[in-house]
Each structure stands twice: as structure tokens, then as C-alpha cells.
Amino acid sequence: MENHSNSSPIAETNGHGESTNGVDNQIPDLPQYLYAALKQLAPKEGFTEGNFSIAFDFGSSKGDGFVGQMFKATISEGTRNEVYLCKIPPIDDARREQFGSMAAFAREALVYERFIPSIYDYQREKGILSPEDGGFFHTPRCYYAHCDEVAQESVIIMEDLRLRDFRLWSKHKIIDYDHARMFMTHLGRLHAISLAMKRDQPERFEQFKLSNPFDPMLTADGPFRNMILSQLQMVIDALDEQDTVERAKMEQLKEEVFDELLRCGTAQLAEPYTVVGHGDCWTNNMMFRYEDGKPQEIILFDWQVMRYVTPVQDIVYFIFCCTDEEFRRKYYHEMIDIYYRSLSTMLAKLQHDVSELFPRSALDEQLRVFGRYGILMGMFLVPMMCTKNEELPDIEAMAQKMATTQQLNESFFKTTESNQDTYATRMRAVVKDCIRYGYF
């Protein structure tokens with residue numbers, strides 16, 4: 001979960017990675033492998049060996065990085081200054097080890113090194129050369145991506161999207177129609193590429209058939225067992241006493257939640273319609289560029305949980321976490337239609353027939369079978385989206401507890417006096433709507 005937010009200086013180095021003005025006391029020393037990556041990048045970007053300096057700023061806010069940390073690097077030589085965003089695993093050892101950061105970084109390095117170049121090349125081979133041709137080219141430019149899981153070192157260096165006037169949508173606000181329509185349109189294009197590419201180039205596509213890197217942690221004997229059960233109990237507690245049907249279904253889910261988390265991520269159950277999905281489709285992982293106050297372009301980032309899975313995961317993750325009951329009553333079915341029309345149009349551009357690769361009846365069936373994933377993700381994301389940044393938990397402290405107990409024994413995002421009513425309203429609607437649409 002990345003945030004391209006404003007920042008303040010924390011350190012400056014020369015081209016050899018040596019500090020020239022010290023490091024702010026609130027920030028730990030940055031790892032040498034980050035300096036090494038930037039030293040390697042600088043000459044490729046036209047800087048002169050030994051003549052450039054590197055200044056670091058904060059790159060994210062509290063609550064915006066669960067398995068990674070962001071820093072802004074400015075490489076300078078003379079009057080030239082170039083800004084880059086650097087994403088590295090948590091500096092804190094416990095946080096890095098307990099929350100599976102290295103597996104996630106290995107996944108994202110693969111995305112930027114191989115997956116995104118492959119799907120861009122595939123589109124160009126089919127004559128789709130740019131976004132103006134209706135293609136999916138909506139990821140940040142990546143200058144460097146490397147992960148060494150054994151050494152627990154990883155660096156991903158990307159463009160700072162703010163320099164191209166991209167902005168985040170506030171995670172505390174319900175997304176509006178124009179932004180949601182844009183996301184669903186581009187999600188349809190992304191999924192269409194998977195469906196077409198695995199038919200046209202199965203050997204090339206095979207390397208991207210990856211499962212959720214966090215699946216081993218989501219089992220009944222995994223380190224997040226107590227936290228998952230606690231988050232689900234928060235959902236039950238958000239329901240009214242008269243919500244007897246909803247309460248019964250949530251109590252049933254509590255008995256099956258670990259099996260359901262794994263079932264919804266089992267690729268074989270979704271074949272032949274399985275796609276490579278983004279995996280973390282909420283508003284903090286997308287930015288928008290505007291003209292006259294209207295979104296004109298979208299960029300998707302934070303690909304750490306990219307996985308081969310039912311297309312429904314990305315759809316319901318976004319809709320049930322980023323919209324509310326009022327939005328869904330007005331636009332839910334339209335959003336599904338927008339997604340499917342976009343997917344159909346993209347498949348046609350890729351010289352495939354949607355009725356063969358992914359008929360509408362198959363999408364409806366996938367929604368019925370996997371739609372409850374909206375609740376499974378909502379129970380984690382909705383409370384966080386309702387919580388002020390200053391009230392978010394201390395991730396390092398929680399990781400330290402896990403290192404001792406081997407179990408996270410509390411809800412990751414708890415309700416507070418300031419967010420309890422907002423959370424209850426939104427979460428109750430997620431449950432009711434999943435049942436209303438026949439997903440539970």
C-alpha cells in the first residue's frame with residue numbers, strides 16, 4: 001500500500017552513499033543496499049560518477065505501508081535534480097519477518113521486471129500501442145526492481161507520479177461514479193489481457209500463474225488466526241439485533257473463514273476464467289490525473305499481491321471496500337456492466353471473442369461462487385478506511401508482540417469512539433448487500 005504523499009527531508013548523501021548532513025533522529029539509518037541501487041541507477045540516468053548527491057525524504061504516511069516503506073530520493077548534479085520513489089522492506093526486523101514482506105517484495109519485483117513488460121509487449125504485438133488505442137498501460141514507470149529473499153534485501157525504484165500531476169483519492173471518502181467507472185474500465189482491460197494471452201501464448205503466460213503469497217498465513221493454525229477471528233467478530237458486532245439472517249450467516253462464516261479465504265483464492269476453482277489480478281484493489285493503490293476537475297487517467301501500483309485467481313476478487317474487493325450502500329444501490333449492476341463491456345471490447349482488440357473466452361453467464365456464476373470475498377476483504381479494509389491516520393495501530397509494536405507469541409492476538413484495525421458508527425454503517429451494508437446479490 002503505497003502513498004505518493006508530501007514529505008520532508010531526512011537524509012542527504014553524496015554519490016558514494018555517505019551521509020552529508022546526518023539523519024533525522026526519528027528515522028533509522030537507511031540500508032546500504034538502497035544507496036547501492038541508486039548509485040547503480042544514477043549513471044543510467046545520465047549522472048556523472050562521483051559528481052552526484054542523493055537526498056532522501058519521507059515517502060509515505062502512517063497507515064500507508066503494511067509490508068513496505070517508501071522514501072523519496074532526489075539525485076542531484078549541478079542544477080539537475082531528478083526525483084524517484086524508493087520502496088524497500090520494513091527496516092524493523094520484526095515487522096519485516098512477521099508480516100511476510102520478502103515474499104511480497106519478490107512478487108512485486110517479478111511484476112515490474114517481467115509481468116508488466118510482457119503484457120505491454122503482448123498488446124503491442126496485437127497492434128495496441130498506447131492507452132489511446134484502448135490498451136492497458138496504466139502502471140508507474142519502474143527504473144529498478146530487485147529482490148534477494150535470502151539476504152532480505154529489496155529495492156523498487158519508481159517515478160514519483162505527483163510530478164505528472166497524479167493524485168490519490170482520499171481513503172476516508174467513498175469513491176464517486178467517475179472514478180469508479182474509470183477503475184472498472186481499466187480492470188476489464190487488464191483481465192482481458194490475461195484471458196487472451198494465456199490462450200495465445202500459454203508458455204509465456206505460465207510464469208505468472210502465482211498464488212496469494214500470504215496464503216500460508218491465512219490458515220487455521222497460521223499467525224493471523226486470532227486476528228482474523230477478531231476482525232470477523234467485529235463484523236458480527238456491527239450488525240443490529242434484528243439482523244437475524246445476517247448474524248446467522250456471519251456466525252456460519254466464522255466457522256468456515258479459513259477455508260473460505262483459501263477457497264476464494266484457489267485458481268483451479270475458477271478455470272477456465274482465471275486471470276492475473278492486481279490483488280489489492282482499493283483507492284490507496286491507484287492515482288488519478290485530472291482535467292477540469294474530472295479524472296482523465298488512472299495509474300495502478302502496489303502489485304505485491306498480484307496473483308492468478310478468479311477475476312471476481314478484484315471486482316468485489318474494490319466495490320465492497322471503496323463504495324457504500326447508497327452507491328451500490330445506484331450503480332452496482334452498472335459497474336459490473338462497465339467492467340464486462342470493457343473486457344469484451346479489449347478481447348476484440350486482441351482478436352478474441354468474449355462469448356468464447358468469458359461469456360457473461362460465466363461472470364455471473366463467478367460472482368455467485370466467489371462474491372463473498374467482498375466480506376472477507378471488507379472486514380480488514382473497511383475499519384482501516386474509517387480510521388484516522390493518527391489512530392491507526394503501531395505496526396512495529398504489533399510485530400514485536402508477534403515475534404514473541406507467534407500469534408497476532410488482536411484486531412489489526414479496531415473501532416474507536418470516532419469511527420465506530422461509520423464503520424458499523426458501512427460494514428453492515430457490506431454484509432447485507434453480499435446477501436442481497438446472492439453471494440452468501
Side-chain angles (χ1 to χ4, degrees), residues 63 171-175 180 218-220 222 224-265 281-283 312-333 335-336 367-388 391-393 398 407-440:
K171 67 184 178 184
H172 301 300
K173 291 172 55 181
I174 301 300
I175 202 155
L218 302 179
T219 59
F224 294 115
R225 169 189 168 82
N226 293 344
M227 184 270 283
I228 291 169
L229 292 174
S230 181
Q231 296 289 158
L232 191 48
Q233 186 60 49
M234 282 175 54
V235 176
I236 296 171
D237 293 342
L239 298 170
D240 291 332
E241 288 297 327
Q242 61 267 32
D243 295 331
T244 53
V245 172
E246 291 82 0
R247 280 182 169 272
K249 287 185 178 292
M250 289 305 98
E251 292 288 355
Q252 175 190 344
L253 180 59
K254 200 171 181 181
E255 298 295 321
E256 308 166 347
V257 63
F258 302 104
D259 290 338
E260 280 297 287
L261 282 165
L262 295 178
R263 183 187 70 84
C264 286
C281 293
W282 70 295
T283 47
V312 163
Q313 276 204 4
D314 283 346
I315 295 171
V316 298
Y317 190 130
F318 174 78
I319 290 180
F320 286 102
C321 292
C322 301
T323 72
D324 61 2
E325 182 179 23
E326 180 182 1
F327 183 98
R328 292 190 292 271
R329 283 189 180 276
K330 290 180 181 178
Y331 304 121
Y332 182 79
H333 295 293
M335 288 295 123
I336 303 299
L367 284 163
R368 187 189 67 77
V369 173
F370 298 107
R372 66 181 63 181
Y373 190 73
I375 294 176
L376 295 173
M377 289 298 100
M379 70 181 185
F380 299 113
L381 265 292
V382 171
M384 183 180 67
M385 297 173 81
C386 296
T387 302
K388 299 175 182 177
E391 295 180 351
L392 290 170
M398 297 180 79
Q407 186 66 228
L408 185 57
N409 290 310
E410 55 188 306
S411 300
F412 189 76
F413 298 109
K414 300 178 180 178
T415 54
T416 64
E417 186 174 346
S418 64
N419 75 352
Q420 190 167 11
D421 290 343
T422 302
Y423 163 75
T425 298
R426 282 185 61 178
M427 198 67 231
R428 188 184 307 125
V430 169
V431 175
K432 288 178 175 290
D433 285 350
C434 275
I435 294 173
R436 178 181 297 116
Y437 299 135
Y439 304 158
F440 207 111

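The structure presented is a predicted model; accordingly, all values stated were derived computationally and were not measured. Numbering starts at 1 and runs along the sequence shown.
For V257 against M379, the heavy-atom pair with the smallest separation is CG2-CE, 4.1 Å. Of all the heavy atoms in C264 and Y373, the pair that sits closest is CB-CD1, 3.7 Å. Here the closest non-hydrogen pair linking R328 and I319 is NH1-O, 3.6 Å. Considering all non-hydrogen atoms of both residues, F380 and M227 come closest at CE2-SD, 3.6 Å. In terms of heavy-atom proximity, M427 sits nearest to A238 at CB-CB, 4.5 Å. Closest heavy-atom contact between C322 and W282: SG-CA, 3.6 Å.
Rounded to the nearest 0.5 angstrom, T323 OG1 and R329 CZ are separated by 12.0 Å. Rounded to the nearest 0.5 angstrom, E256 CD and L262 CG are separated by 13.0 Å. Separation of atoms CD (Q233) and CG (D237) is listed at 4.5 Å; rounding is to 0.5 Å. Atom CD1 in I315 sits 12.0 Å away from atom CZ in F370 (nearest 0.5 Å). The distance from the CG atom of N419 to the SG atom of C386 is 6.0 Å, given to the nearest 0.5 Å. Between the CD1 atom in I174 and the CD atom in E326 there is a gap of 9.5 Å [rounded to 0.5 Å].
Under the 4.5 Å side-chain criterion, counting only non-hydrogen atoms from C-beta, R247 is not in contact with D240. In this structure the side chain of E325 never reaches within 4.5 angstrom of the side chain of Y332, judged on heavy atoms. Side-chain contact check for Y423 versus M234: some heavy-atom pair is nearer than 4.5 Å. A heavy-atom distance below 4.5 Å is not found between the side chains of F440 and V431. The shortest side-chain heavy-atom distance between Q231 and P383 falls under the 4.5 Å cut-off. Side-chain contact between L376 and L232: absent, with no pair of heavy atoms (C-beta onward) separated by less than 4.5 Å. Taking the side chain as every heavy atom from C-beta outward, T425 and D324 never approach each other to under 4.5 Å.
Remark: side-chain polar atoms of R263 are not paired, donor with acceptor, to backbone N or O of F258 under 3.5 angstrom. Using modelled atom types, one side-chain atom of R426 and one backbone atom of C321 make a donor-acceptor pair closer than 3.5 Å. At distances below 3.5 Å, not a single donor-acceptor pair connects side-chain atoms of E246 with backbone N or O atoms of R428.
A salt bridge links K432 to D243: at least one charged side-chain nitrogen sits closer than 4.0 Å to a carboxylate oxygen. A salt bridge links R372 with E260: the closest approach of a Lys/Arg side-chain nitrogen to an acidic carboxylate oxygen falls below 4.0 angstrom.
Contacts of K173 classified as side-chain contact (heavy atoms from CB on, under 4.5 Å), with partners at least two apart in sequence or in another chain: W169, S170. Annotation: side chain to side chain donor-acceptor pair (under 3.5 Å) contacts of T219 (sequence neighbours excluded): D221.
Ring planes of Y439 and F320: perpendicular class, angle over 60° (limits at 30 and 60°).
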(request) Take I375 and M250, measure what side-chain contact (heavy atoms from CB on, under 4.5 Å) needs, and give me the verdict at the end. (result) CA-CA 10 Å; I375 294 176; M250 289 305 98; 3.7 Å; yes
(message) side-chain contact (heavy atoms from CB on, under 4.5 Å) for T387 and M384? Distances and angles first, verdict last.
(response) CA-CA 5 Å; T387 302; M384 183 180 67; 5.5 Å; no
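Around atom NZ of K254, more than 12 heavy atoms belonging to other residues, nucleotides or ligands sit under 6.0 Å away.
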